[in-house]
Amino acid sequence: MTTIVTPRGTSPSLTGFTIPLTAALGGFFGLLAGSANDMVLAGLVAGAAIGAATAWVLARFLPDRRRGKWATAAVYALGGLLSGGTTGLVAGGVIGLVMGWFALWLHSGRYRAGVPVYATPLQVLWHNSYLFICGLIFFFLIAPIIVVIPLSFNAEEFFTFTPKMLALDPEGYSLRHYRDFFTNPDWQQALRNSVRIAPAATLLSVSLGTLAAIGLSRPHVPFRRAIMAILISPMIVPLIISAAGMYFFYSRIGLQGTYAGVVLAHAALGIPFVIITVTATLVGFDESLTRASASMGAGPVRTFFRVQMPLILPGVISGALFAFITSFDEVVVVLFVGSAGQKTLPWQMFTGLREQISPTILAVATILVTLSILLLTTVELLRRRSERLRGMSPG
Amino acid sequence: MKVPATDPNTMDAPTPDDALHLVKGEGPIVAADGRPLKASLRRALRREKLRALGLVAPLLIFVLVSFIAPIADMLFRSVENQIVADTLPRTVAALEDWDYSSGEAPGEDVFAAFYVDLSEAVALKTHTRLGTRLNYEMTGMSSLFRKTGRRVGRFDTDIYADQFAALDPAWKDGAAWMEMMSAPGIESVLPETASAWQSWLRILENEGDDPAEETPADFVFTMLYRDLARGADVSAYNGPGADRLAAAAAAVGGFETVSIKEQFLKADKDWGDPEVWGVIQTFSPPYTPGYFLAAVDLKLTPHGIEKQPEEQQIYVMLFNRTLFMSLVITGACILLGYPVAYLLSSLPLRTSNILMILVLLPFWTSLLVRTSAWKVLLQQQGVINDILVWLGLVDDANRLILINNQTGTIIAMTHILLPFMILPLYSVMKTIPPSYMRAAKSLGATNWTAFWRVYFPQSVPGIGAGSILVFILAIGYYITPELVGGTSGTFISNRIAYHISSSLNWGLAAALGTILLGVVLILYWLYDRIVGIDNVSLG
């Protein structure tokens, strides 16, 4: 155990620490590769040996972390190419990157970077395991979304990786599912409906919601809590209950199965988001600005559009994005309130998934992921801008 | 010197200079326009309040109409049961005198009332809906109503029409009937006939026919016979056709008769079963707890409240499963969310902002995308199974069944709801000063003690907020359980959707939804107590 305790800046013991641990990681990779080829023991031994050799070579001749990492990746990739073709190249590169990084991370003593100098070996081990666990959780969060992307370029009608795809054969990939999405009338109709419904619902909820948020953040509002509870309720009530209620009520008043009915329903669902984001922005709004504007002779409407609106605009836009995505992603309510004529994109995906028709769904999913990345970026930028305007964060 | 005693928190509250002014005898302070300042301020405040309300009003009305009204409608539907009394008004009234515990089917009077009600319902085509409604309470009712509905027009009661016509052909004349039935006082002389005549008018109106040109249906003649045979006081009537009526009243004693009850029994012997009549009687009030009882595996029977038969008891099990799985999902979210939130809150802002994207991207990605991703990953021929088989951890023949069961639902929903746990946890942890932990350690606490005794208690509000949020979202989930849950991983919401779109038992769907809504509102109230609605923040 004493070998591990090393002051920061000096390298830990090569033979007693870095080589065995790198060998262990190499052994693990060897085990995986070996078990896939029914040579468990051979894989383990070979992997460990390669790992030990890597650690020794890197520590001796290439202690620079960045160069060492890429050099290892290159060597491993070459080895992979010789033994397993294109797939081997990629796999070798990735494994080499990990191995090279790991060996030099250990050798340079960086593994203690996150803990105090006086931490015991067990604490160091715990800290690094904790980081590893967090990494796994992040992987769990993001991997399912990432996996969809390559699968959407599948040349076959499968929901899984074909051998050709794994071999990185260009023939295994195609844009046929994207082509299907852009030519199939069902999907196009669904896309058109989504594009017709979501902006209308957003417009409705943003205009009414901003007005109400401004009213709610005035100092003297009677029944503020009760009003707030009512306005937030569409977010809290489970969607299936909202959908059921709207289905019953809208069929009574003849809105069920109409475009107007779906827009109304989606606007109601988007309102809480607008209220929350806009009231949050208004918390930092300086009322003396409107008073100053009024004292200079501007009427309430002019004051609103020229003074207040530009300042709360980031909040309004991010509220609008929330409302838009709520409507654009919504499927339960439209399933009940809408009829076949209002079939939206998520609805089409829902039926597709239930009946397992084709991987076109994955192509749509990839497009939607791209859309959500764009939305996320916009919202983040707006949030930072708004915080900067209010002087809440230095960024 | 008298200072008005009012609530110190209002505009009227006494202030120190009130006394001063009163002492000096100057009266209250006045505003520029000469009004007392207080009145002027009060007016300004009232105007301010009205303006604020005016800004909120459009949205409030919009939400009330488009959202609150539908919820209220659902609550109403969960107890509403007007269809029985609306379709069979006379039968319901006649059944009041019948005692189910007598163990015998009701007598001729009830059947006569039912004959008129059913004849009208068949003509207006509402009897099948009623049959469907009653079928929820007793199987076989739907087919009983349909079958009888086909026969009721061909009952042997046509002999009455013929016998009346034999007395005087004018009895077959619609115009003559019309004259007689619209004369004043006829209701008290021939109550059943008048009531049946109203039904007849509604039938004709529905078909767009003129009552003056149509011979009344058999049931009108049957009721006329019953009125006359009961000894109606025809002498009290002296309107049009009084002679004809008096002649008929004198002749009915010699009429050939037919029992309506037997006609029904001939159509279907189930009408002799007191259970059938018991069900109609039990569900005749306009509001019923029946749907709620059904939602908790009980049923309202003529004997009182009973348990559903063993094989139909599914709702309590489904509620339990929904609660249990939501708890498991919430637990899994805490387990996975806590370390990540802790890491994010302890890292420098720049790094944590980058890592935050990994949390926010799933949050912003369409629910359908994430569900389809899990469908792709978890399938038997899916990515996870493929990797496990390739690694030799799982035999190709026994691939793991990860989807269309509870495992699939729990994995996918944990992934979908995890950001809702991380974000509140993060915002609470961000407010815990790191110096507290350092202080604890400097006082000799081990890492674990410092975390468990100092840090963790301060992060509990975050756990509470995140858990309630995740739990509320989980118990109402529909899409994901529907797609990856199979039969064993579905929630109560899937059952609600089934009753709305497939079985069309809307009352039961509404009752199940109301119970679920009740649970959610209690949790919402708790959330408000712990976190406050105003403190909900989005990323």
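Fair warning: this is a prediction, and the values are worked out from it, not measured in the lab. First the proteins, then the strands, lettered A, B, ... as listed; each starts at 1.
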message: Between B:F62 and A:I271, is there a side-chain heavy-atom distance shorter than 4.5 Å?
response: yes

field: Toward chain A, the part of B:L512 with a non-hydrogen atom under 4.5 Å
entry: neither

- line: Okay, B:I422 and chain A: the region with an atom under 4.5 Å from a heavy atom over there is side chain

message: Please check: side-chain N/O of A:Y130 versus main-chain N/O of B:P339, any donor-acceptor pairing under 3.5 Å?
response: yes

query: What part of B:F76 lies closer than 4.5 angstrom to a heavy atom of chain A: side chain, backbone, both or neither?
result: side chain

- request: Identify which part of A:A143 has an atom lying under 4.5 Å from any heavy atom of chain B, answering side chain, backbone, both or neither.
  value: neither

- prompt: Given the rule in the side-chain contact (heavy atoms from CB on, under 4.5 Å) test, do A:E380 and B:I357 qualify, once you have shown the distances and angles that lead to the verdict?
  reply: CA-CA 9 Å; A:E380 270 301 290; B:I357 292 174; 5.6 Å; no

- request: Mind checking the CG-CG spacing from B:L336 to A:L141? Nearest 0.5 Å is all I need.
  value: 8.0 Å

- request: Measure B:R51 against the heavy atoms of chain A and call it side chain, backbone, both or neither at under 4.5 Å.
  value: side chain

message: Heavy-atom cut-off 4.5 Å, strictly under: side chain, backbone, both or neither for B:L517 against chain A?
response: both

Part of A:A265 lying under 4.5 Å from any heavy atom of chain B: neither

- prompt: What class does the angle between the rings of B:W506 and A:F248 fall in, given that below 30° is parallel, 30 to 60° is tilted and above 60° is perpendicular?
  reply: tilted

task: Hey, could you give me the CG/CZ distance between B:L367 and A:F350, rounded to the nearest 0.5 Å?
output: 10.0 Å

query: Contact part of B:L343 toward chain A, heavy-atom cut-off under 4.5 Å: side chain, backbone, both or neither?
result: both

query: Can you tell if the side chain of A:V237 reaches within under 4.5 Å of the side chain of B:V520, non-hydrogen atoms only?
result: no

message: For B:V63, which atoms come within 4.5 Å of any heavy atom of chain A: side chain, backbone, both, or neither?
response: side chain

- prompt: Looking at A:L239, A:V331, A:V369, A:L371, which one has more heavy-atom pairs under 4.5 Å with chain B than the rest?
  reply: A:V331

message: Please classify the contact between B:L358 and chain A as side chain, backbone, both or neither, with a heavy-atom cut-off of under 4.5 Å.
response: both

field: Heavy-atom contact with chain A under 4.5 Å, split by part of B:L377
entry: side chain

A:D329 vs B:L368 side-chain heavy atoms within contact, under 4.5 Å: no

- request: Give, for atom CG of B:D73 and atom OH of A:Y250, the distance between the pair rounded to the nearest 0.5 Å.
  value: 11.0 Å

task: Check the angle between the aromatic planes of A:F336 and B:Y478 and answer parallel, tilted or perpendicular using the 30° and 60° thresholds.
output: tilted

query: At a heavy-atom separation under 4.5 Å, does B:W374 approach chain A through its side chain, its backbone, both, or neither?
result: side chain

query: Measuring heavy-atom distances to chain A, does B:L418 have an atom under 4.5 Å in its side chain, in its backbone, in both, or in neither?
result: side chain

message: For A:L151, which atoms come within 4.5 Å of any heavy atom of chain B: side chain, backbone, both, or neither?
response: side chain

query: Are any of the side-chain heavy atoms of A:I232 and B:Y524 separated by less than 4.5 Å?
result: yes

query: Using non-hydrogen atoms only, which part of A:I253 is less than 4.5 Å away from chain B: side chain, backbone, both, or neither?
result: neither

message: Between B:V359 and chain A, with a heavy-atom cut-off of 4.5 Å, which part of the residue counts as in contact: side chain, backbone, both or neither?
response: both

task: Taking all heavy atoms of B:P70 and all of A:F249, pick out the closest pair and write down the distance.
output: CA-CB, 3.5 Å

- prompt: Are A:V148 and B:V376 side-chain neighbours, meaning at least one heavy-atom pair lies under 4.5 Å?
  reply: no

- prompt: Considering only heavy atoms, which portion of A:L345 lies under 4.5 Å from any heavy atom of chain B: side chain, backbone, both, or neither?
  reply: neither

